[in-house]
Amino acid sequence: MASSGFSWTLPDHPKLPKGKPVAVVVLDGWGEANADQYNCIHVAQTPVMDSLKNGAPERWRLVKAHGTAVGLPSDDDMGNSEVGHNALGAGRIFAQGAKLVDQALASGKIYEGDGFNYIKESFENGTLHLIGLLSDGGVHSRLDQLQLLLKGASERGAKRIRVHILTDGRDVLDGSSVGFVETLENDLSQLREKGIDAQIASGGGRMYVTMDRYENDWDVVKRGWDAQVLGEAPHKFKSALEAVKTLRAEPNANDQYLPPFVIVDDSGKAVGPVLDGDAVVTINFRADRMVMLAKALEYADFDKFDRVRVPKIRYAGMLQYDGELKLPSRYLVSPPEIERTSGEYLVKNGICTFACSETVKFGHVTFFWNGNRSGYFDETKEEYVEIPSDSGITFNVAPKMKALEIAEKARDALLSGKFDQVNGVNLPNGDMVGHTGDIEATVVACKAADEAVKIILDAVEQVGGIYVVTADHGNAEDMVKRNKAGKPALDKSGGIQILTSHTLQPVPVAIGGPGLHPGVKFRNDIQTPGLANVAATVMNLHGFEAPADYETTLIEVADN
Ligand SMILES: O=C(O)[C@H](O)COP(=O)(O)O
Ligand SMILES: [Mn+2]
Ligand SMILES: [Mn+2]
């Protein structure tokens with residue numbers, strides 16, 4: 001921050017001491033909901049989390065983890081890892097990608113920026129390709145934003161448009177892909193009536209095609225590249241609707257994992273490979289699952305898989321996905337500028353930090369936690385450990401994931417005495433297994449996460465430290481779609497509809513440990529606290545006052 005008088009030095013907290021190690025544990029996808037058979041956290045044996053909830057009423061509370069509390073457009077938006085970890089780390093609420101894109105589309109500014117002007121130069125002679133997640137989940141992308149962009153680009157000269165869809169079933173109900181494709185097909189046919197050559201060119205399920213993250217499995221991105229760029233895939237169809245309906249009719253088919261397909265013309269030729277002179281926009285606003293494709297599209301030097309053919313294109317992201325890497329270099333909407341995060345403050349105030357998760361959540365506790373920034377602030381004071389995730393499986397097959405290994409690393413970091421803060425230890429189970437929709441496996445996952453918490457809390461006990469246990473959003477606590485009355489919503493055949501997505505539920509925050517000053521308790525004068533209130537709380541527990549513009553602390557210290 002350039003303003004005069006700014007200082008990184010945090011004032012001393014008037015009452016709380018320094019020097020107590022603080023462990024911040026994030027249970028991914030662990031919300032609070034009514035107890036029934038679809039609440040996997042309730043069904044699972046979770047004695048440690050139960051004891052936090054039931055043991056100390058003044059040191060356990062719920063906070064909001066969705067909607068406007070985390071910078072999303074409305075309170076109908078469920079929370080997600082990006083916005084949750086941003087809020088936890090940054091201690092303030094920033095308008096997030098979903099909202100920034102909404103605003104840019106509504107004001108028309110999206111069409112005035114450098115990014116759009118850059119791709120526009122391909123409109124005369126080339127094709128505009130739009131690649132991204134097709135759903136209204138609002139976590140990575142939104143269908144209505146795609147619809148507006150299609151309209152806006154065609155009104156501004158795009159004559160030939162190809163859409164490369166990724167079916168969802170993770171942030172939305174499985175099977176909803178068919179309806180989204182129908183909606184998109186309808187829009188494209190209206191464009192065709194106006195003389196624009198617009199169609200869907202390829203597709204595949206997001207978890208099997210394109211949307212890997214944190215470089216867990218490049219084959220996922222390669223499958224997408226082959227279909228989208230090269231126009232090659234094992235399945236060929238005349239229309240996307242036929243593709244999705246046919247592929248969904250296979251046994252155990254699932255929107256998240258549909259195999260890659262290309263749309264071909266009557267002569268069997270792919271209708272939309274990416275060619276020299278074309279423009280490409282990746283329409284997801286969220287970074288983690290687009291950055292790998294962005295690298296493949298943008299980097300001249302690239303060795304993660306054989307791209308076979310690298311077309312000379314004009315490429316822009318919906319947002320810039322990585323500000324440090326400046327990737328992609330062109331983008332339609334500027335990302336939120338999340339600066340002065342708690343991690344940076346604490347390091348600059350001498351706090352040595354350890355962060356850890358497994359690959360599929362590693363960037364959550366580093367990149368997202370640090371305001372969408374890669375790398376260390378000060379490598380002499382920080383250590384980030386990534387435990388390799390299983391790849392090529394769905395996590396209901398191995399629901400314990402690497403929770404034990406993550407907890408052991410956190411324990412060892414605490415016992416080593418090298419770190420003041422063991423921070424953002426993310427336990428992925430409730431979320432990653434919750435997304436599979438497998439209730440039995442999610443129960444196993446929740447138990448494993450609870451056991452991991454125990455290992456970390458035992459270590460906190462041993463070192464006389466303090467713990468803060470929280471979550472980034474809900475998921476495993478509700479695995480069924482509900483009607484307005486809160487009862488399971490039945491489908492046409494009378495069956496329940498499994499909810500694979502996150503929820504709107506609040507999440508717990510628990511504090512404790514032998515190092516906690518005995519007078520510390522949660523305040524009850526904050527109306528609707530959210531995840532952004534946690535950062536100031538953690539700073540206090542380190543013996544500092546939080547910066548004045550941070551969301552207020554959750555705690556107060558009684559004199560005794
Ligand atoms: O990317 C995903 O896995 C889901 O869309 C959202 O889950 P996350 O926000 O927990 O990563
Ligand atoms: Mn999450
Ligand atoms: Mn999730």
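For ligands, and for the atoms within them, numbers begin at 1 and follow the listed sequence. Predicted model only: the values in this text are computed from it and were never measured.
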Kindly say whether the aromatic ring centers of Y214 and H364 come within a distance under 6.0 Å. yes
With no hydrogens and no angle check, do the side chains of D472 and S81 hold a donor and an acceptor under 3.5 Å apart? yes
Could you tell me whether any N, O or S atom belonging to N80 is less than 2.8 Å from the Mn ion (ligand 2)? no
How far is atom 2 (C) of ligand 1 from its nearest protein heavy atom, and which residue and atom is that? R206 NH2, 3.2 Å
Give the residue and atom name of whichever protein heavy atom lies nearest to atom 6 (C) of ligand 1, and the separation in Å to one decimal. H502 CE1, 3.4 Å
Go through ligand 1 atom by atom and flag the ones less than 4.0 Å from a non-hydrogen atom of R170. 2 (C), 3 (O), 4 (C)
Heavy-atom contacts under 4.0 Å between R286 and ligand 1: side chain, backbone, both, or neither? side chain
Is the shortest distance from a heavy atom of M207 to ligand 1 less than 4.0 Å? no
Would you please test W369 and Y384 for ring-ring contact (aromatic ring centres under 6.0 Å, His included) and show each step? CA-CA 12 Å; W369 194 277; Y384 301 163; over 10 Å; no
re atom 10 (O) of ligand 1, the protein heavy-atom contact at minimum distance is S81 OG, 2.4 Å
Verify the distance test for D431 against the Mn ion (ligand 2): any N/O/S atom under 2.8 Å, yes or no. no
Below 4.0 angstrom from a heavy atom of D28, which ligand 1 atoms are there? Numbered from 1 as shown, please. 10 (O)
Row for the Mn ion (ligand 3): angle NE2 (H435) to NE2 (H502), 10° precision, value 90°
Where ligand 1 meets R289 - atom numbers and elements under 4.0 angstrom, heavy-atom basis: 1 (O), 2 (C), 3 (O)
Would you say H473 reaches the Mn ion (ligand 2) with an N/O/S atom under 2.8 Å? yes
Between the side chains of R248 and N254, is a donor N or O closer than 3.5 angstrom to an acceptor N or O? no
Does NZ or CZ of R340 lie under 6.0 Å from the centre of the six-membered ring of Y345, at an angle within 45° of the ring axis? no
Are any of the N/O atoms in K361 less than 3.5 Å from those in ligand 1? yes
Would you give the angle at the Mn ion (ligand 2) between S81 atom OG and D28 atom OD1, to the nearest 10°? 130°
Give the atoms of ligand 1, by number and element, whose distance to some non-hydrogen atom of H140 is under 4.0 Å. 1 (O), 2 (C), 4 (C), 5 (O)
Y467 (side chain) donor-acceptor with I456 (main chain) under 3.5 angstrom: no
Mind checking whether P428 and I406 have side chains closer than 4.5 Å, heavy atoms only? yes
Give the residue and atom name of whichever protein heavy atom lies nearest to atom 5 (O) of ligand 1, and the separation in Å to one decimal. D171 OD1, 2.7 Å
Specify side chain, backbone, both or neither for M432, according to which of its non-hydrogen atoms lie closer than 4.0 Å to ligand 1. neither
Can T500 and Q256 be counted as having a side-chain donor-acceptor contact under 3.5 angstrom? no
Taking only Lys NZ, Arg NE, NH1 and NH2, and the carboxylate oxygens of Asp or Glu, determine whether D491 and K481 approach each other closer than 4.0 Å. no
So, are K454 and D450 salt-bridged, with charged N and O less than 4.0 Å apart? no
Return a yes/no value for H435: is any of its N or O atoms, backbone included, closer than 3.5 angstrom to an N or O of ligand 1? yes
